[in-house]
Amino acid sequence: MADDDPAWSEFLLELARKTKSKGTRGGTGEMDLPTALNNAPFRPSIYLLHGIHGNVLFPDAGYCEFDDPARAWQQIHRWCEMALRAKGDPLSRQGSLPVGFEVAIASLEELGKKEPVWSLLKEVGADIINPLYSQPYLRHCGEESTIRQLEAGINVLTRNGLEAKVFASSEHALHPQLPQLLKGFGIELAFVIARLAGGAPTSYQPRLEWEGADGTSVLAIASQAGLPNGQIWHGRFFEELPGLIFSAVSRPDLSAVVYANIEDFTNPMPGSDAIAGHVAELDRARIHVRGFSEMADAPLPISRRVKWSIEDFPLRHMDSRLIPAARRCEDLLIMAEATDALLSALGSPTHEGLLDEAWKRLLVAQNHDAYIVPFTVPGLYSELQGLEDSSPWSSEETIEDRSIREVEAASGAARSVLSAVTGLDAGDKGAMSAGIRDGTAMLNILWEREEVLGGKTFSLPAGGYASKSASFRSRANLLVEGQSIVIHGRKVDIGDRAFPVTKGKGGITIDAGRYTAVFNDVGGRIEIRLRTQTPLEISVEAQSKVVITYPFGAGLSTEHAGHSSRFSWIDESIVVAHDGTPYFKQEPGKFKIQVPAGEHVYCIARATNLPDAYKRAWEFSYPPVPFALPDGLPAEDSLARISFNGCVPISIRTRNGLCFARFLSIDGSEPVIEGGKQVDFFGRPSHHEPRPWRILNYEIPVSLS
């Protein structure tokens, strides 16, 4: 790169203007870097990190950065060549930049069917910085989906000779349990950065020790208070560097500043070649251009140990039909996998391969673009970026609709497995237990409990089945008071319209025209089945204290508007759970659930402590499954002998012919599993110390007594 590169000259002059430096180099009017920085002799070391971002490619269509796969391949190839030249001593990196690759593993997997993407990435030793399979908003994933995103992505990388040493996501993929998850999958450094859909906490110095809710910690690089975070839209990072450097050199109180930018790889990124051509000069001026993984060994002190709460990671409200659809699909897949695994004790063949493929369909559908820009169609991204329209796709299907199709396919696979292993037609979760005949066996994947099914009460053993039932007599406190339904002494209002009330065997029904709701007593909880043509609110009487949930944790919320992934526990008294509508508002005396148009199910139940609240919510999400009990077997038995204690099961599945169960310890206890073996996230023998909010993995035997 010639020294008279105009982009580099402009960079120096702009930096000189910002630092009010004087002097020229060789009488050319061009400012050299030391002169440009001479007004800031006491300045921090500055680290510049650059990554490329891309998502998402389906087999039959591409969206956003992949709406032209040929161009996407060219850009990946371009950045691989840049990364290859950046190997070795930083002072020898002239004409090159270290590159972090944040390209969805699912998209790389699809692109790899036509292009030698894996061999290229392996050849350059690509710095993979985000191993999530489809780059989701993790707050919108359930517990098991969060783990499967990591598992699926890392498995694909491993099969292709690659690994992810760090975690960095340009989109919002942060919550307080990330340290536990990352460390469980062998990742020791996280970048606490986010853009567009939400925010992330800041730190005074950039490097710290991030402690998760369960006590697990990882090294982390955070954006710094009072400084821009380095995330510049539309490929302008390199043009904005003079301003970023000026912001850093004006802070002599800091020992180091880290700017981490991850940008869409389709953008031209003006100024990048100029910076790449002078990496050594920058380095001599204590402006270090580094790779993301290199920051694990950077000479930065750990400033402090920090334990953030969920409210440190705000997330914007998104109106996507995928939010409830994906959540319901995940719950259905978990039920199907657990049923498939437990009924193998009765001689049923397992469907591991089919369910694995269904999970991958769901994971792809969880890509963030389908949530944040659901209206995108193939070719629209390139058009908005001013790129040549060369999209090969003729589809006008939006990314949301395309992802919904993946969800429907995954749900269909789950239902087909349930039908195969139960011998009964499996519709949705509610339909499976409606109108069951006397003598039908009900399989329970949870703890010992009583459940009302088809108007009858079943006493079910933990991890087992029962075919006997007794008549049900309601003990619920459910009544009508004006325009409110009173449940367990709490007023519950639906919408803001007057409605007539009908009482019958099916419960209490309200009909306000544009929306209807049925309140039904199912024993341990009141279920609300709501159908609405318009967005509305469910308002629950509340006093002061609301605990909200996020993947693998819960915490007190003071937010006026926020997000609770599974349920909310109100005033240490009642739990309000939902099947996929996570947004809420808090007002004096009221907790309001934001309900989008469509059909939804909620439940309200008593819960005097947090483990109990989790159990009530899990019983709502995972009702028993009816199946045809083979002749000659007892009317009741356990298929897996588990004492759950203060834990909830996240999944029960078969893998390579073995059965594995995953639990979340709410109170620090651990399950007692007869014949169980502790394993890690990969299924390898391990040992773990139970603590509150810790994820526990086991291999479990499944057999009849």
Side-chain angles (χ1 to χ4, degrees), residues 142-144 146-147 175-181 183-184 210-217 307-311 331 334 338 444-450 460-463 488 524-525 544-557 564-577 603-622 640-652 660-674 676-681 686-698 700:
E143 292 79 9
E144 187 63 11
T146 300
I147 292 176
H175 57 67
Q177 279 289 44
L178 204 57
Q180 181 182 185
L181 295 167
K183 202 153 193 176
W210 179 15
E211 181 183 341
D214 75 315
T216 302
S217 64
K307 192 171 186 175
W308 287 306
S309 75
I310 189 60
E311 293 187 2
D331 285 349
I334 289 169
N444 173 35
I445 68 175
L446 304 178
W447 38 81
E448 181 179 345
R449 60 170 165 157
E450 285 193 346
L460 301 168
H488 302 316
R525 62 188 180 274
S544 61
K545 190 174 183 180
V546 175
V547 173
I548 63 167
T549 50
Y550 54 87
F552 302 106
L556 187 66
S557 175
S564 188
S565 62
R566 272 193 180 266
F567 67 87
S568 302
W569 186 39
I570 300 174
D571 296 333
E572 298 183 341
S573 173
I574 63 169
V575 56
V576 180
C603 90
I604 298 178
R606 288 192 178 99
T608 57
N609 55 60
L610 194 52
D612 194 39
Y614 265 88
K615 288 192 172 184
R616 300 293 80 79
W618 252 248
E619 288 172 355
F620 163 67
S621 295
Y622 305 111
R641 281 158 179 75
I642 305 172
S643 296
F644 289 81
N645 298 321
C647 301
V648 294
I650 303 304
S651 66
I652 301 173
F660 295 90
R662 196 178 345 265
F663 301 86
L664 174 64
S665 178
I666 311 301
D667 58 4
S669 64
E670 61 182 322
V672 177
I673 304 171
E674 186 177 312
K677 302 175 184 177
Q678 294 181 357
V679 297
D680 63 12
F681 285 100
S686 181
H687 177 72
H688 47 244
E689 295 294 334
R691 293 187 61 178
W693 305 122
R694 185 148 289 177
I695 304 166
L696 308 172
N697 298 284
Y698 294 86
I700 63 172

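Owing to the predicted nature of the structure, the values given are computational and were not obtained by experimental measurement.
The existence of a salt bridge linking Glu689 and Arg694 is excluded, since no basic side-chain nitrogen approaches an acidic carboxylate oxygen closer than 4.0 Å.
Put simply, the side chain of Trp618 never gets that close to the backbone of Leu446: no donor and acceptor are under 3.5 Å apart. Side-chain atoms of Gln678 come within 3.5 Å of backbone N or O of His688 as a donor-acceptor pair. With hydrogens and angles disregarded, a donor-acceptor distance shorter than 3.5 Å links the side chain of Thr549 to the backbone of Phe567. With hydrogens and angles disregarded, no donor-acceptor distance shorter than 3.5 Å links the side chain of Lys545 to the backbone of Leu556. At least one donor-acceptor pair closer than 3.5 Å links the side chain of Ser621 to the backbone N or O of Ala617. A donor-acceptor contact shorter than 3.5 Å links the side chain of Asp571 to the backbone of Ser544. Under the 3.5 Å distance criterion, the side-chain polar atoms of Gln180 are matched with a main-chain donor or acceptor of Ile695. Judged by distance alone, the side chain of Asn444 and the main-chain N or O of Trp447 form a donor-acceptor pair under 3.5 Å.
Nearest approach of Arg525 to Glu619, heavy atoms of both residues: NH2-O, 3.6 Å. Across all their heavy atoms, Gly553 and Leu664 have their closest contact at N-CD2, 4.4 Å. Taking each heavy atom of Gly215 and Arg691 in turn, the nearest pair found is CA-NH1, 3.9 Å. Closest approach of Ser669 to Cys647, counting heavy atoms only: O-SG, 3.4 Å. When all heavy atoms are compared, the tightest approach of Ala605 to Gly524 is CB-O, 3.5 Å.
For Glu670 and Ser665, the side-chain atoms include no donor-acceptor pair closer than 3.5 Å.
Atom CD of Glu311 has more than 12 heavy atoms from other residues, nucleotides or ligands within 6.0 Å.
To the nearest 0.5 Å, the span separating CG on Leu181 from CD1 on Ile147 amounts to 6.0 Å. Going from atom OG of Ser643 over to atom CZ of Arg641 covers 11.0 Å, rounded to the nearest 0.5 Å. Remark: Tyr698 OH to Ile652 CD1 distance equals 13.0 Å, nearest 0.5 Å. Atom OG1 of Thr146 is separated from atom CD1 of Ile650 by 9.5 Å, given to the nearest 0.5 angstrom. Atom-to-atom distance recorded for Asp667:CG and Tyr614:OH is 11.5 Å, nearest 0.5 angstrom. Note that the CD1 atom of Ile700 and the CZ atom of Arg662 stand 12.0 Å from one another [nearest 0.5 Å].
In this structure, Trp210 and Leu178 have side chains that are in contact, with non-hydrogen atoms separated by less than 4.5 Å. Between Ile673 and Phe663 the shortest side-chain heavy-atom distance falls below 4.5 Å. Residues Leu696 and Pro671 form a side-chain contact, since some pair of their non-hydrogen atoms from C-beta on lies under 4.5 Å apart. Contact of the Ile666 side chain with the Trp693 side chain is registered, since non-hydrogen atoms from C-beta on lie closer than 4.5 Å. You'll find the side chain of Val575 stays beyond 4.5 Å of the side chain of Lys615, heavy atoms only.
Using a 30° and 60° split on the angle between ring planes, Tyr550 and His175 fall in the tilted class, from 30° to 60°.
Residues passing the side-chain hydrogen bond (donor to acceptor under 3.5 Å, both in side chains) test with Asn645, sequence neighbours excluded: none. Residues forming a ring pair (Phe, Tyr, Trp, His ring centres under 6.0 Å) with Phe552 (at least two apart in sequence, or on another chain): none.
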For side-chain contact (heavy atoms from CB on, under 4.5 Å), just list the numbers for Phe681 and Asn697, CA-CA rounded to whole Å, side-chain angles, deciding distance to a tenth of an Å, and then say yes or no.
-> CA-CA 7 Å; Phe681 285 100; Asn697 298 284; 3.8 Å; yes
Apply the test side-chain contact (heavy atoms from CB on, under 4.5 Å) to residues Arg606 and His488: give CA-CA distance (whole Å), side-chain angles for both, the deciding distance (0.1 Å), then the verdict.
-> CA-CA 7 Å; Arg606 288 192 178 99; His488 302 316; 3.3 Å; yes
